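As C-alpha cells, the structure follows; a few thoughts come after it.
Keep in mind it's a predicted model, so treat the numbers as computed, not measured.
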Amino acid sequence: LSTTEQNKEIVRRFYAEVMTAGNVEVCDEIVAEDFHDHGETLFGSPQGRETLKAAIVGGHTIFPDLNVTLEDLLADGDYVGVRGEMRTHHTGGEFLGAEATGNELQWKGIAMFKIVDGMIAERWFNSDSLSVVQQLGVVPPLTF
Amino acid sequence: MTAAEEQNKELIRRWVEEFVNARALDRIGDFMAEDCYDHSAMPGMNPEGIEGPRSLFQTMFTAFPQIHVTIEDQVAEGDKVMTRARFRGRHEGDFFGFAPTGREFDIEGIEILRIENGKVKERWGGINDMNLMAQLELFGAQQEAAG
C-alpha cells in the first residue's frame with residue numbers, strides 16, 4: 001500500500017474501531033502520544049492521546065450506540081480529509097443541559113487529519129453543531 | 001499529486017482571493033458551475049444551481065463587508081479538494097434578519113469541493129455556524145423575518 005492509502009486506513013480504523021466500537025485502546029496503535037486537536041466549541045479539543053481516549057469514553061456513556069458512517073475519504077501527502085455522518089440515540093445521560101430523551105440524533109461532520117510515521121498527530125474538525133443543539137432543543141430553530 | 005489535482009487546488013485558492021476576498025459577486029460564474037449542487041445548503045435554501053450560493057454570498061458580503069478568508073491547508077485527491085480556512089470579519093449589516101451587532105468573528109471552516117470542467121460542481125461542509133452564532137452573540141437575539 002502507498003503511504004496515502006495507509007494513512008486512509010488509519011483514519012478508517014479510528015472511526016470504525018475507536019469512535020463507533022468504542023475500543024479506545026486501539027488509539028495506542030494509531031494516535032500519537034502528543035496528539036494535538038484543533039476541535040470546536042461543542043465537542044471540545046482533547047489534547048494528548050490519553051485525554052482523547054477519556055473524551056471518547058465519556059462520549060460513549062452519553063451516546064452508547066454512536067455510529068459513524070464515512071461518506072468520503074481523501075488523502076494527499078501527510079493529510080487525510082474525511083466527511084461522514086454520526087447517528088446515535090441520546091440514552092446515556094445529560095448533554096449540554098439536555099436530559100437523555102432516547103431520541104435519535106443525526107449530524108454531519110468533516111475533519112482533516114495529519115499523520116506522522118503512521119500515527120494520527122493532529123486533527124481539525126467541524127461538526128454540524130448548530131443542528132445538534134437544535135435537535136437537543138438547547139437552542140430554538142432559526143429561520144434562513 | 002497529479003497536475004490536475006494541483007490545478008484544482010489552485011482554482012480554489014483563486015476563488016478565495018479573486019471572488020470571496022474581493023467580494024466580487026459578479027464573478028461567481030467564473031468559479032461555480034450553473035448547475036452546481038450544495039449538499040450542505042442551509043435549511044430553506046435551494047441546494048440546486050448557482051442561485052443559492054449567489055444569494056448566500058450576497059448575504060455574507062452585506063452582513064460582513066470586510067470578510068476575509070485565509071486558506072490554511074488543502075487536501076486534493078481525484079476531482080475533489082478539501083480546504084481548511086479561517087474566516088474573519090465584523091457583523092456590520094443584516095444577517096438573516098439579525099440586526100448588525102458590530103461584533104467580530106474568527107472562525108474555522110472545512111469544506112470539500114468537487115471540480116468539473118474547471119468549476120465547482122458540488123460542495124460539502126462549510127463554516128462552523130454555531131461558533132459564528134456564539135461569537136456574534138446571536139443565541140437568544142431577536143431574529144426578524146428573513147428576506
Select one option (side chain, backbone, both, neither) describing which atoms of [X] are under 4.5 Å from chain B's heavy atoms.
{"X": "A:Val132", "value": "neither"}
{"X": "A:Val138", "value": "neither"}
{"X": "A:Ser131", "value": "neither"}

Flag yes if [X] and [Y] sit in one hydrophobic cluster, no otherwise; membership is Ile, Leu, Val, Met, Phe, Trp, Tyr, and two members link when side-chain heavy atoms are under 4.5 Å apart.
{"X": "B:Tyr37", "Y": "B:Met45", "result": "no"}
{"X": "B:Ile71", "Y": "B:Met82", "result": "no"}
{"X": "B:Leu132", "Y": "B:Ile67", "result": "yes"}
{"X": "B:Met42", "Y": "B:Phe57", "result": "yes"}
{"X": "A:Val31", "Y": "A:Phe113", "result": "yes"}

Original post:
chain A heavy atoms under 4.5 Å from B:Glu5: which part of the residue, side chain, backbone, both or neither?
Top reply: neither
Subject >> Heavy-atom contact with chain A under 4.5 Å, split by part of B:Glu72 >> reply: neither
Original post:
With a cut-off of 6.0 Å (strictly less than), are more than 12 heavy atoms of other residues, nucleotides or ligands near CD of A:Glu33?
Top reply: no
Original post:
Take atom CD in B:Gln58; do more than 12 heavy atoms of anything else shown fall under 6.0 Å from it?
Top reply: no
Original post:
Counting heavy-atom pairs under 4.5 Å to chain A, which of B:Asn128, B:Leu138, B:Asn131 comes out on top?
Top reply: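 Answer, by heavy-atom pair count under 4.5 Å with chain A: B:Asn128.
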Approximate separation, where rounding is to 0.5 Å, of [X] [atom1] and [Y] [atom2]:
{"X": "B:His39", "Y": "A:Arg83", "atom1": "NE2", "atom2": "CZ", "answer": "7.0 Å"}
{"X": "A:Met112", "Y": "B:Gln74", "atom1": "CE", "atom2": "CD", "answer": "8.0 Å"}
{"X": "B:Lys80", "Y": "A:Leu73", "atom1": "NZ", "atom2": "CG", "answer": "10.0 Å"}
{"X": "B:Glu108", "Y": "A:Phe125", "atom1": "CD", "atom2": "CZ", "answer": "10.5 Å"}

Non-hydrogen atoms of [X] and [Y] that approach each other most closely:
{"X": "A:Ala75", "Y": "B:Glu77", "answer": "N-OE1, 2.7 Å"}
{"X": "B:Trp124", "Y": "A:Ile110", "answer": "O-CD1, 4.0 Å"}
{"X": "A:Asn126", "Y": "B:Ile127", "answer": "ND2-C, 3.7 Å"}
{"X": "A:Trp124", "Y": "B:Ile110", "answer": "O-CD1, 3.8 Å"}

Original post:
Given the options A:Gly109, A:Ala111, A:Gly77, A:Ser127, which has more heavy-atom pairs under 4.5 Å with chain B than any of the others?
Top reply: A:Ala111
Subject >> chain B neighbours within residues 1-21 of chain A, where any heavy atom lies under 4.5 Å away >> reply: A:Lys8
**OP:** Identify whether the distance between the nearest side-chain nitrogen and carboxylate oxygen of A:Asp76 and B:Lys9 falls below 4.0 Å.
**Re:** yes
